[in-house]
Amino acid sequence: MQPTKISPATLGKLAKLGIHHRADLLLHLPLRYEDETHLAPISTVQPGMNAQVQGIIAHSEVVFRPRRTLVCRLQDNGGELYLRFLNFYPSQQKQLAEGKQIRAVGEVRMGYYGLEMVHPKCRAVDDDTPLQQSLTPIYPTTAGLSQIVLRKLIANALETLPLPDTLPEILLQRLKLAGFADSVRLLHNPAPDTAAVTLENRSHAAWRRIKFDELLAQQLSMRAHHRERGKRIAPELALRHRLTARLIKNLPFALTNAQQKVHAEIGRDLAKPHPMQRLLLGDVGSGKTIVAALAALQAIENGYQAAFMAPTEILAEQHYLKLRDWLEPLGITPVWLSGSLKKKEKQLAAEHISSGETLLAIGTHALFQEKISFRKLGLAIVDEQHKFGVQQRLALRNKGKSSKSVRPEPVEGQDVSEDMVRQAHHERPVDSNEPHQLMMSATPIPRTLAMSYYADLDVSVIDKLPPGRTPVITKLVSDERRDEVFARVRAACLDGQQAYWVCPLIDESEVLQLQTAIETYETLRATFPELNVGLVHGKLDNAEKARVMAAFKANELQLLVATTVIEVGVDVPNASLMVIDHAERMGLAQLHQLRGRVGRGAGQSMCILLYQQPLSELARARLKIIFESNDGFAIAQQDLQLRGPGELLGARQSGVAMLRFADISADEDLLNQARQAADELLRDFPDAARGHLQRWMANKHDYLHA
Ligand code: ADP
Ligand code: MG
């Protein structure tokens, strides 16, 4: 058999499906199957069944009520059912004329006339027209590319391409995995006796093999990144104990064991001559900031600069104030840099950074604009890393290079895979330093997700909150009881506590969102004449934002009306009550982050989730989860099940593409096996590893994690 020639038009459509090579056709696997391998006697079919039946058209008629419809009565020896077509062509009407012998495939339901199929797949047959020999695969496709064309192309690829197994026999046997060729063939053409359920839920051995292969490829590619990083050069920042010890001694609290553990992990990495890329995970309020400060200090003690970047002005400024308090007694004065600074101030800050006079720069992404050049950047810290795009993190990495080496800047708005950039810069002189990177996130990433999508990063986890915190009490309150909530807010604030009121999220329109925030503020001001009420939202100018936050921190404001700008990182320990208006509109991660703004002091805190009825099923599920759990990781795990990894990682993680076949929450066992197998292959079968990556990753930067 010869490989089929494919027309340019079809090639374009295939490309839309991610099929660029003929070999990609092999891994374009069915979504589901239809069973046309046997005929069901009409007397045996029941509503809800998918069935193939055959018979003679006993009657065919176009009815006009309620709509123009072609109705045919199909009879076999023992029974009859109706075929109904709402939109039909004259040719169809002819095909389905009285007396014709027809084979129809479709879902049976109970209709007006009795059992019926609506828009079944029909064809004219003779007595001896053969049945399909295997289940009929239904492939994911795109407009203008029919199942029949796809099926033919795939069948041709199966005939003409070799299907070698990339995995060594010994591994297949130990893991009891099916062969690759058998699995691929079976999934494209399952025999009629294949258990349909196991194909459908993808638990069939053939599916397991494919999913294993996919996960293995992902692991291998991540390891490759990891190893490649080990070849790059970064400054060795030894752990010196002078300033560090003083900082720790001056703190009003003792570091928790969890903090000490991650501090040590980071410290060891920084001392190595290769760039650290470590993700510090810790639930909201777990105390990541001090760990970041200690890391910065380690760079500074070695004569290098550190940069600390946060995604919002509010958060960045809060870090700045906190680190200034901690470090000034040690003789280190951080510099503040944000987009809102006056031009002159910005320039001054930039000069201090490029002269090296400033050892610690804290700010928003303004820190990593082109104009800012560091003299000797040793460590870049990124808080709430998931809020940043790939490009910003790439830009940051390049700040370590002192020379003005030429490199193309990534084009704004375009997806850049780190690998492409990396390849473009292989000419980089080996002695040029790259800063270490510490990324922090309070979006707890479920273990399985971390293992698969972050496998090229090292991960440290702060798994315990500092002592003395009382868990936040969460209450679900229907909007009808708003007055009771008002009363509670008043009582708390008059009692010397402080409260947040989080405004409803309005996805469709920023203008509406702002308007709602202002209206809420006006209403609450009128409701609480005895309280000082403040308002903070994203459109406020930065000086104003800072002023409001400072006033809230100083307890000059008792009630802060806020949009979700306070979602990340804001730390006001005296605030013990939070009301989230229209909580049903928010995602789980967001709700958890918001709730984390209270419960930071020693007293009892409360989070009231105000919701509006009726609740959608998803909203109900979310509110139930957030009500029942305070544990960020447990919540994230549930979120993963509700939404799938794509949304959890966020659209901004443009370097991350989804697994096509494996489902990391359902296939955790395979993921674990793939992790071990990846180590084993790289150690004992490097050629197999290469071949495997070639099959799954050729031309795919999808899995790359920047
Ligand atoms: P997050 O991990 O959410 O960024 P922060 O670093 O903002 O948390 O810390 C939350 C609060 O806990 C801060 O007020 C911080 O000063 C305090 N904190 C941090 N570590 C400890 C500790 N070991 N003991 C007591 N309080 C701590
Ligand atoms: Mg934080």
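In each ligand, atom 1 is the first atom listed, and ligand 1 is the first ligand listed. Source: prediction; values computed, not measured.
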So is Met440 close enough to ligand 1, meaning a heavy atom under 4.0 angstrom away?
no
Note: Leu280 and Val291 closest approach over all heavy atoms is CD2-CG1, 3.8 Å
Polar contact flag for Ala254 and ligand 1 (N/O pairs, less than 3.5 Å)
yes
What about Phe486 and Phe528, are their ring centers closer than 6.0 Å?
yes
Nearest heavy atom to atom 6 (O) of ligand 1, choosing from Leu251, Ile462, Leu255, Thr289, belongs to Thr289
With nothing but distance in play, are any N or O atoms of Gly285 less than 3.5 Å from an N or O of ligand 1?
yes
Under 3.5 Å donor-acceptor, Gln298 side chain and Leu270 backbone
no
Enumerated ligand 1 atoms positioned under 4.0 Å from heavy atoms of Lys322:
13 (C), 14 (O), 15 (C), 16 (O)
Contact atoms of ligand 1, heavy-atom distance to Val284 under 4.0 Å
3 (O)
If only side-chain N and O atoms count, and only distance matters, is there a donor-acceptor pair under 3.5 Å linking Thr244 with Glu301?
yes
Closer than 4.0 angstrom, basic N to acidic O: yes or no for Lys272 and Asp269?
yes
Distance under 4.0 Å to a non-hydrogen atom of Thr256: what atoms of ligand 1 satisfy this?
23 (N)
Close approach of Gly282 to ligand 1, heavy atoms, under 4.0 angstrom:
no
Are any side-chain N or O atoms of Glu584 and backbone N or O atoms of Leu615, one a donor and one an acceptor, separated by less than 3.5 Å?
no
Please classify the Asp571 to ligand 1 contact at 4.0 Å (heavy-atom distances, strictly less than): side chain, backbone, both or neither.
side chain
I want to know if ligand 1 touches Trp326 in the polar sense, i.e. an N/O pair below 3.5 angstrom.
no
Arg600: numbered ligand 1 atoms lying under 4.0 Å from its heavy atoms
3 (O), 7 (O), 10 (C)
Check this for me, if you would: do Glu313 and Lys545 make a salt bridge, where the nitrogen-to-carboxylate-oxygen distance has to be below 4.0 angstrom?
no
Passing candidate, side chain to side chain donor-acceptor pair (under 3.5 Å) with Asp571, options Arg597, Arg600, Gln318, His319:
Arg600
Got an N/O contact under 3.5 Å between Gly287 and ligand 1?
yes
